[in-house]
Q: 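Input: one structure, supplied below.
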Amino acid sequence: MNQKAHHLKTARRAAIAPFIAMDVKREATLMEQAGGTIVHMEVGEPSAPPPRRVREAALAALGGQPVGYTDALGLMSLRERIARHYQETYGVAVDPARVAATTGSSGGFVMAFLALFDPGARVAIQNPGYPAYRNIFGALGLEAVDLPVDCSNGFAVTAAAVEAADEARKLDGLLLMSPANPTGAMQSADSLREIAAVCDRRGIWFISDEIYHGLTYDRPAQTAAAFTDRAIIVNSFSKYYCMTGWRIGWLVVPPELPRVIERLQQSLAISAPTLSQIAAQAAFDANDELEAVKAGYRRNRDLLLDGLPALGLDELAPADGAFYLYADVSRFTDDSTRFCRDLLHRAGIAATPGVDFDPHRGSRALRLSYAGAEADMIEALKRLKDFLRR
Ligand SMILES: Cc1ncc(COP(=O)(O)O)c(C=O)c1O
């Protein structure tokens with residue numbers, strides 16, 4: 001054995017925190033392989049297959065011709081189709097030259113952050129928020145600046161809060177999602193407009209994560225691209241389009257950035273998965289099928305909103321969109337990690353502890369994804385009732 005190996009040190013970023021929801025998923029899968037029956041509510045993952053048109057497009061592309069790399073920014077036909085989606089959905093003109101296909105929105109974040117921020121840059125995020133933001137920042141040496149959201153502000157970020165954070169200490173960026181994970185809360189169109197204006201005026205990069213667009217239950221979401229062409233829009237085929245495993249997403253960037261993203265992507269990914277790019281083009285024409293899937297989420301949401309309060313889970317974030325319920329569990333625990341472990345092992349429900357989304361207050365919260373089947377929601381309510389009664 002090479003003794004010197006003992007002295008090898010990993011990078012500081014090797015201390016990256018786990019994405020706890022994914023750790024819970026791994027553990028739940030192991031339990032299933034050992035014969036357990038688990039209700040999966042830990043990861044935001046549609047249980048429906050991708051739309052028929054998407055599957056047909058993928059199968060046709062497997063007819064024998066090579067599946068090679070595409071241009072680094074993606075197939076022009078996909079970029080054009082994405083641009084058309086902005087016109088059709090929001091009435092906003094987007095030049096296809098500003099669109100880049102990425103390996104999920106996750107790949108898009110890395111490209112965008114590398115393009116915009118040097119180590120030490122300060123980027124504001126919602127808290128509670130999507131765990132990977134904080135973890136990617138840690139890996140890239142960026143500082144997360146928390147913008148706390150709770151019932152006092154309707155779980156939404158205000159332009160005043162962004163201004164105050166920038167005033168306290170200069171921000172380099174703001175990364176905002178609406179609908180949000182884990183709360184489901186949405187920003188109003190007015191607040192997005194005001195936030196875009198504050199970012200433009202103060203020289204703050206505005207990154208708008210719009211991955212849950214399409215999954216709204218009362219009013220449609222507005223894109224930040226409607227208010228400024230300075231924002232970086234991040235989106236994905238994972239959620240509304242039911243394509244998590246296809247690893248395909250996109251960016252819309254300001255006019256001076258496509259070449260920067262292209263150079264980064266050339267060397268970091270070469271290109272997004274080609275088969276997924278081809279298939280994804282068909283997703284925009286599958287609204288009928290996708291709206292039927294969404295109607296199922298709405299039923300799941302209604303079932304849980306109806307059933308959870310009677311079990312003592314009556315403090316819930318708004319759930320205007322996406323497919324999550326973020327519940328206060330302080331009545332039962334101040335250690336959400338342990339609570340979720342017990343829930344998994346004793347009741348067979350995989351759920352994500354709030355600490356994944358909010359390192360402090362999250363010890364008294366829990367996130368349930370309702371992207372699964374209706375039968376799973378009914379089973380979850382039954383199991384939760386037995387579990388909480390003990
Ligand atoms: C807010 C948010 N952004 C981005 C992602 C990443 O999705 P993907 O990389 O599959 O596009 C997720 C996944 O849960 C999410 O909740």
Side-chain angles (χ1 to χ4, degrees), residues 18-25 40-48 50 54 74 78 82 99-113 123-137 139 144 147 149 155-157 174-187 207-216 221 223-224 232-252 265 268-269 272-273 276-277 279-280 283 297 317 319-326 350-352 354 356-358 367-372:
F19 187 162
I20 298 171
M22 295 302 291
D23 276 357
V24 175
K25 179 179 162 84
H40 285 278
M41 304 180 94
E42 73 280 36
V43 178
E45 194 154 39
S47 59
V54 168
L78 173 62
I82 291 169
V99 178
T102 56
T103 51
S105 67
S106 303
F109 290 130
V110 175
M111 299 305 149
F113 300 162
V123 185
I125 52 173
Q126 284 135 310
N127 183 32
Y130 178 53
Y133 292 164
R134 203 180 286 280
N135 298 344
I136 302 171
F137 287 3
L147 298 175
V149 292
F155 292 88
V157 170
L174 166 70
L175 169 55
L176 192 76
M177 50 186 160
S178 170
N181 177 2
T183 62
M186 280 171 72
Q187 299 288 137
I207 304 157
S208 180
D209 180 351
E210 304 186 350
I211 188 169
Y212 292 108
H213 278 210
L215 295 176
T216 58
T223 175
I232 286 87
I233 313 297
V234 186
N235 209 325
S236 170
F237 291 94
S238 286
K239 308 292 175 169
Y240 178 71
Y241 303 97
C242 301
M243 294 178 68
T244 45
W246 298 66
R247 309 311 302 128
I248 181 76
W250 74 87
L251 295 173
V252 179
Q265 188 133 280
L268 292 176
S276 303
Q277 291 191 50
Y297 302 148
D320 300 326
F323 35 45
Y324 306 110
L325 287 176
Y326 195 59
T352 304
D356 211 15
F357 312 98
D358 179 342
R367 188 194 71 174
L368 298 171
S369 161
Y370 57 85

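Just follow the structure's listing: the first ligand is 1, and inside any ligand the first atom is 1.
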Q: Measure from the side-chain N and O atoms of T102 to the backbone N and O of G104, and report whether any donor-acceptor pair falls under 3.5 Å.
A: yes

Q: Counting each atom of ligand 1 from 1 as listed, which ones have a heavy atom of R247 under 4.0 Å away?
A: 8 (P), 9 (O), 10 (O)

Q: Using a 4.0 Å cut-off to any heavy atom of S236, which atoms of ligand 1 qualify?
A: 8 (P), 11 (O)

Q: Considering the heavy atoms of D209, write down every atom of ligand 1 situated less than 4.0 Å from one of them.
A: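 Reading through ligand 1 atom by atom, the close ones are 1 (C), 2 (C), 3 (N), 4 (C).
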
Q: With a 4.5 Å limit on heavy-atom distance, are the side chains of E45 and H40 in contact?
A: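 No. Closest side-chain heavy atoms not under 4.5 Å.
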
Q: Using 30° and 60° as the class boundaries, would you call the ring planes of F109 and Y130 parallel, tilted or perpendicular?
A: tilted

Q: Looking only at heavy atoms, which two atoms of M177 and G129 are closest? And how far apart?
A: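 It is CE-CA, 3.5 Å.
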
Q: In this structure, is the centre-to-centre distance between the rings of Y212 and Y324 below 6.0 Å?
A: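 Ring-ring flag for Y324/Y212: true, centres closer than 6.0 Å.
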
Q: Heavy-atom distances under 4.0 Å decide this one: backbone, side chain, both or neither, for F237 against ligand 1?
A: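 Answer for F237: neither.
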
Q: Using a plain distance cutoff, I'd like to know if T244 has any nitrogen or oxygen under 3.5 Å from a nitrogen or oxygen of ligand 1.
A: no

Q: Below 3.5 Å, N or O to N or O, backbone or side chain included: is there any such pair between T103 and ligand 1?
A: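 No.
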
Q: Judged by atom type as modelled, is there a donor-acceptor pair below 3.5 Å linking the side chain of Q187 to the main-chain atoms of V157?
A: yes

Q: Please could you name the atoms of ligand 1 that G104 approaches to less than 4.0 Å, counting only its heavy atoms?
A: 9 (O), 11 (O)

Q: Which bit of S238 gets closer than 4.0 Å to ligand 1, counting heavy atoms only: side chain, backbone, both or neither?
A: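 Contact part for S238 vs ligand 1: side chain (C-beta onward).
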
